[in-house]
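Being a predicted model, the structure only gives us computed values, none of them experimental. As the structure lists them, so they are numbered: ligands from 1, and atoms in each ligand from 1. Keep in mind that the numbers below use all heavy atoms, side chains included, and drop hydrogens, waters and symmetry copies.
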Amino acid sequence: MKNIAIFASGNGSNAENIVRTFAAGNRVRVAVVLTNKENAGVIARMENLGIPVLYFPNEVWDTQPVRILEAMAPYGVDLVVLAGFMRKVQDPIVEAFEGRMLNIHPSLIPAYCGKGMYGHKVHEAVVAAGEKQSGVTVHMVTSDIDSGEIVMQGIVELPPDETPASLEEKIHEIEYEIYPRAIVKVLRGNDTTAGNAPAAVPPPLPRMATPDEQWAQALNIPYDPPRTEKQEAATPPVIPASTATVPPPMPTAAPLPAAAPCCAPAAAAVPLHAEETDKPASPFLAWSIVFLILFGPIPAVVALIYSIRTRRLNGIGDYAGARHASSVCQGWLIASFCIGVLMATLYLPVMIAASIL
Ligand code: GRF
């Protein structure tokens with residue numbers, strides 16, 4: 001698990017998006033948020049999400065950066081992410097997180113950046129200049145403002161009637177899309193850089209589940225294969241319950257009407273009246289349709305949900321999570337197929353059971 005610390009001073013919509021994006025996986029999490037504004041919107045957002053927030057006034061940020069580093073120490077921070085942090089980060093902090101601190105700027109750096117170019121001012125300047133394009137830049141933080149290596153950029157087109165407010169809205173949408181991607185890119189890059197990966201980070205990537213394990217996962221049943229010492233070592237860490245994605249339980253079939261005993265008492269031997277033997281088929285057809293509608297599509301819908309989830313996790317670079325979601329999806333598809341077949345063949349038993357009743 002990689003730990004992120006977010007520095008934020010404002011509304012905190014990027015911070016919230018980052019928390020929510022990574023909460024869906026099990027590789028990255030926001031461990032703590034630090035702010036320099038006592039009433040910043042980000043504080044309430046994080047409280048709602050259960051993320052600890054540490055507040056330090058500007059004076060501490062400017063003159064006692066070591067206190068900031070000490071406050072972060074218990075969280076084992078792998079990456080610092082600036083999301084609307086309106087204060088220059090002092091050199092001791094930048095140096096402690098060299099190559100591990102990102103910022104997002106709402107323009108296409110090198111355009112509209114540097115001192116005094118932040119937030120809404122950027123959008124006002126871009127619109128006033130009649131630009132046809134603007135965008136977002138995620139870059140490494142160095143001691144010079146907005147000048148570190150560019151990690152990722154996203155572009156937006158400006159129609160002639162663009163306003164600073166409408167541009168800001170578009171920019172935010174792009175930010176929500178690319179900031180999590182940039183974070184994954186940097187974390188992965190740091191992992192493969194010899195000597196740069198923090199010692200606390202578990203190095204192995206989870207291995208692919210075997211077909212048997214995939215089945216077990218898909219059907220939500222325990223799988224306990226015989227283990228050798230080697231297999232034991234290769235087993236990926238247990239996913240904490242809070243982040244684990246557990247497929248919903250298989251729908252259980254509704255109980256069939258109780259069948260009559262095979263050796264029925266005398267009453268069964270009594271010849272039936274004509275109208276009793278002549279039962280219409282339509283009620284049984286109705287049973288089948290109800291079964292099909294109730295149980296057939298449920299696994300298919302679950303499979304669809306996991307398929308969408310796979311796509312999203314792939315999009316944000318959480319490949320382990322995507323692989324897991326993909327195998328769960330595969331399991332539910334198989335279940336859907338099997339239930340479809342069962343439904344077709346259940347028609348006969350239901351007819352028999354219903355005719356006995
Ligand atoms: C974002 O537009 C970001 O580019 C800039 O500050 C803004 C923060 O917005 N650095 P929010 O607080 O995340 O909503």
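- Nearest protein heavy-atom neighbour of atom 10 (N) of ligand 1: Ile104 O, 3.1 Å.
- Contact atoms of ligand 1 toward Pro106: 4 (O) (distance under 4.0 Å to a heavy atom of the residue).
- Put simply, the side chain of Lys2 never gets that close to the backbone of Arg27: no donor and acceptor are under 3.5 Å apart.
- With respect to atom 2 (O) of ligand 1, the closest heavy atom belonging to the protein is Glu175 OE2, 2.9 Å.
- When the heavy atoms of Ala40, Ser13, Gly84, Ala83 are ranked by distance to atom 11 (P) of ligand 1, first place goes to Ser13.
- In this structure, Trp61 contributes its side chain and Phe56 its backbone to a donor-acceptor pair below 3.5 Å.
- When heavy-atom distances to ligand 1 are checked against a 4.0 Å cut-off, His172 comes that close only through its side chain, counted from C-beta outward.
- Not a single heavy atom of Ile171 sits closer than 4.0 Å to an atom of ligand 1.
- Checking Ser107, Gly12, Gly41, Gly119 against atom 12 (O) of ligand 1, the nearest heavy atom belongs to Gly12.
- With hydrogens and angles disregarded, a donor-acceptor distance shorter than 3.5 Å links the side chain of Thr137 to the backbone of Ile109.
- Here the protein heavy atom with the shortest distance to atom 13 (O) of ligand 1 is Asn14 N, 2.8 Å.
- The side-chain heavy atoms of Val126 and Tyr112, taken from C-beta on, include a pair separated by under 4.5 Å.
- Side-chain heavy atoms closer than 4.5 Å link hydrophobic residues (I, L, V, M, F, W, Y) into clusters, and following such links, even through other members, never connects Tyr55 to Leu34.
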Output, in order, the C-alpha distance, side-chain angles, deciding distance and verdict of side-chain contact (heavy atoms from CB on, under 4.5 Å) for Met101 and Ile93.
CA-CA 9 Å; Met101 190 183 293; Ile93 304 176; 3.7 Å; yes
